[in-house]
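Throughout, residue positions are numbered sequentially from 1 according to the sequence presented. In listed order, ligands and their atoms are each counted from 1.
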Amino acid sequence: MISVPEPSVAGAPSYLHIDGQDIKVVAKMNLPRVVVFDNFLSYEECEGLISGIEHKILQSTVVDDRTGTSIQHEARTSSGSYYTRGQTELVDRIEKRIARLLNWPIEYGEGMQVLKYEVGQQYKPHNDYFTTHSGVHLDGGQRVGTFLMYLNTPKKGGGTSFPNSGLEVAAQAGSALFFSYKDADDSSMTLHAGTPVLAGEKWVATKWLRRSKF
Ligand SMILES: O=C(O)CCC(=O)C(=O)O
């Protein structure tokens, strides 16, 4: 097996047919390794992920680099919650679709995080891999990929930006952004940010992928 998740996009397919879904391949980039998909989730699936969790969302936290504990921080002002792996039939179906799309075992994935951003809220530039100091989170190995699903379309703002390459992906309901990072350092250029929502609200679901069984 290759060392990071990677969709089967060699040969430039316009669509990948998975789980009855015609997933559109919209954009690709090598550095950072990014692939953008549309029609990954149906409208009903987006709504289902939001309605299944909105009653339990709380202020988001970040991992403290020094201690490895979860803390609230001005860099991340969204609120959110998690689905455990396979928690509902819908979550299970989507996790299987992600595993097939990225050629990465379902057991290597963390639970699914759902975030809600209101106007002015954002997630400032950060990397998703753990630093040596947050090694407390390394059971299941380092994170090597991120799969971000946009569950609605904010009226303005709320895209995901990669400040070191100038790329910005717009948040569009049902579309998804994949990026990978083989090494836990700057070489992958996957520093990224959830840009501030300027009008409306933003809902996103994130799946982090580990190097081994999580
Ligand atoms: O909301 C976004 O666009 C980015 C979210 C993010 O960076 C994360 O969950 O790690």
Validation row, ring centre Phe162 to ring centre Phe179 under 6.0 Å: yes

Numbered atoms and elements of ligand 1 in range of Trp208, under 4.0 angstrom, heavy atoms: 9 (O), 10 (O)

In terms of atom number and element, which parts of ligand 1 are under 4.0 angstrom from non-hydrogen atoms of His192? 6 (C), 7 (O), 10 (O)

Does an N or O anywhere in Thr160 fall below 3.5 Å from an N or O of ligand 1? yes

So does Arg210 pair up with Glu110, basic N to acidic O under 4.0 Å? yes

Please confirm whether Arg33 makes a cation-pi placement over Tyr181, using NZ or CZ under 6.0 Å from the six-membered ring centre and within 45° of the ring normal. no

Under 4.0 Å between heavy atoms, the region of Phe179 that gets near ligand 1 turns out to be neither

Tyr150, any N or O under 3.5 Å of ligand 1 N or O: no

Residue pairs passing the salt bridge (charged side-chain N to carboxylate O under 4.0 Å, His left out) test with at least one member in residues 184-194, sequence neighbours excluded, are none

Considering the heavy atoms of Thr206, write down every atom of ligand 1 situated less than 4.0 Å from one of them. 9 (O)

Of all protein heavy atoms, the one nearest atom 1 (O) of ligand 1 is Tyr117 OH, 2.6 Å

Compute both the distance and the angle, then confirm whether Lys24 meets the cation-pi test with Tyr15: under 6.0 Å from the six-membered ring centre, within 45 degrees of the axis. no

Using a strict threshold of under 4.0 Å (side-chain N to carboxylate O), is an ion pair present between Arg93 and Glu45? yes

Considering only non-hydrogen protein atoms, determine which one is nearest to atom 2 (C) of ligand 1 and report residue, atom name and distance to 0.1 Å. Lys202 NZ, 3.1 Å

Considering the heavy atoms of Gln113, write down every atom of ligand 1 situated less than 4.0 Å from one of them. 9 (O)

Polar contact flag for Asp128 and ligand 1 (N/O pairs, less than 3.5 Å): yes

Step through the shown structure and confirm whether more than 12 heavy atoms of other residues, nucleotides or ligands are within 6.0 Å of NZ on Lys155. no

